[in-house]
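So the structure is just underneath, and the comments pick up after that.
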Amino acid sequence: MSDAVTNEQVPARPKRHRRQKYSAEPIATVPDEEDLGPAMLALNERQRLFVLEWHASPDDYGHAIRACKAAGYAASSEAALRVRAHQLLHSASIQRALNELGPKVLVADGFRSIAGVVAIANDPKVKPETRLKAHAILISHAFPLQTEHKVVVEKTPDMVILATEAVLARIHALASQVGLDPIKQVEAAKMIEDVAEEVTDDAER
Amino acid sequence: MMPNGDSDEAVIACIPAGFRSSLIGIAMAKKWLQGDDLSVADRLHHLEFVRSQAFGVLTAEAVAAIEPASDTFEQIFTEAMRVNPGDNQCETAFGILDRDEIFADLVRLNPSISGAIRLCRGRSAAARE
């Protein structure tokens with residue numbers, strides 16, 4: 001039985017051909033050289049185009065190859081182009097350029113997002129709860145909460161020892177025990193803080 | 001060659017090495033206690049510390065016999081404390097200061113430490129027996 005199964009001819013699966021989703025036509029806007037950072041300027045023109053196309057490409061299957069083609073790279077096959085794209089993306093100079101460009105793209109997209117939130121907030125067809133959320137986001141961005149922290153460090157009574165008569169007597173006794181001049185020790189303690197007087201309830205009145 | 005019975009090396013050998021940091025600490029605390037700028041709380045703290053060092057073979061009499069550290073002694077102590085300003089600052093510093101040759105130098109700078117160890121000799125011998 002098992003032989004019958006193994007001997008059976010398993011029909012070969014048809015090779016999957018993914019549709020080319022996006023055109024390889026360049027879509028990135030190439031900025032002037034003076035607008036580019038040092039990492040981008042260190043690249044040659046094709047590498048620079050690859051980075052820009054990579055950022056501009058829709059984030060989908062095959063977009064590295066698309067960026068490669070749009071930048072003008074050619075190869076004998078799709079597989080060779082895939083290898084080329086991999087090499088480009090993993091080269092240190094390209095990665096530095098991608099890092100340099102990333103924050104600029106984020107800021108630009110951030111503005112686009114705000115425009116989207118404004119549209120949602122003002123669209124009467126959108127559910128009121130969603131519009132309210134959009135308004136809340138806009139308010140929090142327009143008037144961000146500001147907080148102020150004030151840290152006060154105070155010496156609590158248990159951290160401060162006053163030079164009371166009892167404390168001075170203790171200093172005198174300890175200094176005598178450990179072989180130091182007790183009078184000098186007491187005088188030094190008196191000098192740094194005035195001798196405190198015990199306050200009784202009667203004295204307060 | 002065996003150290004002479006009255007040499008610093010022979011005297012130092014009379015007390016367990018674990019007491020070396022106490023002897024250094026006492027000399028340093030007494031040095032700080034000589035200053036006039038200590039708060040009352042700090043002065044009490046140092047005095048209590050020095051008194052608390054009298055335990056085991058280190059007698060109260062020996063503690064009282066130790067003189068405050070000199071400026072050079074303090075400089076060596078400070079340098080050792082600077083080696084590792086992290087969490088194990090004291091462990092590192094005393095690891096250096098307790099070494100035979102360095103402790104012997106400190107004893108030479110403050111001979112009262114050697115005198116204090118001499119006062120503990122009887123107790124050390126009794127403890128060993």
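Convention: sequence-line order gives letters A, B, ...; per-chain numbering from 1. Not measured: the values here are computed from a predicted model.
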Subject >> Over 12 non-hydrogen atoms of neighbours within 6.0 angstrom of CD in B:Glu79 >> reply: yes
Subject >> Atom CG of A:Asn44 with >12 non-hydrogen neighbours under 6.0 angstrom >> reply: yes
Subject >> Residue, of A:Leu174, A:Val167, A:Ile171, that accumulates the most heavy atom pairs under 4.5 Å with chain B >> reply: A:Leu174
Subject >> B:Ile26, B:Leu33, B:Val50, B:Ile66 screened by side chain to side chain contact (heavy atoms under 4.5 Å, CB included) with A:Val178, the one that passes >> reply: B:Val50
Original post:
With a 4.5 angstrom heavy-atom cut-off, which part of B:Arg43 approaches chain A: side chain, backbone, both or neither?
Top reply: side chain
Original post:
With only heavy atoms counted, which part of A:Leu180 is less than 4.5 Å from chain B, the side chain, the backbone, both or neither?
Top reply: side chain
**OP:** Give, as side chain, backbone, both or neither, the part of B:Glu48 having an atom under 4.5 angstrom from any heavy atom of chain A.
**Re:** both
Subject >> Toward chain A, the part of B:Leu38 with a non-hydrogen atom under 4.5 Å >> reply: backbone
**OP:** Heavy atoms only: give me the nearest A:Ala188-B:Gly35 pair and the separation to one decimal.
**Re:** CB-O, 4.5 Å
Original post:
Hey, is NE2 on B:His45 packed in by over 12 heavy atoms from elsewhere, all under 6.0 Å?
Top reply: no
**OP:** Identify the heavy atoms of A:Ala189 and B:Val40 that sit nearest to each other, and give their distance.
**Re:** O-CG2, 3.7 Å
Original post:
Under 6.0 Å from the CD atom of A:Glu129, do we count more than 12 heavy atoms belonging to anything else shown?
Top reply: yes
Original post:
About how many Å separate NZ of A:Lys190 and CG of B:Asp36, when rounded to the nearest 0.5 Å?
Top reply: 14.0 Å
Original post:
What do you reckon, is CD of A:Gln95 surrounded by more than 12 foreign heavy atoms closer than 6.0 Å?
Top reply: yes
Subject >> Residue selection (most heavy-atom pairs with chain A, distance under 4.5 Å) from B:Leu47, B:Val63, B:Asp37 >> reply: B:Leu47
Original post:
Is atom CD1 of A:Ile183 surrounded by more than 12 heavy atoms (other residues, nucleotides or ligands) closer than 6.0 Å?
Top reply: no
**OP:** With rounding to the nearest 0.5 Å, note down the distance linking CD in A:Gln177 to CD in B:Glu61.
**Re:** 13.5 Å
Original post:
Taking atom CD of A:Glu34 as the centre, does the number of heavy atoms from other residues, nucleotides or ligands within less than 6.0 Å exceed 12?
Top reply: yes
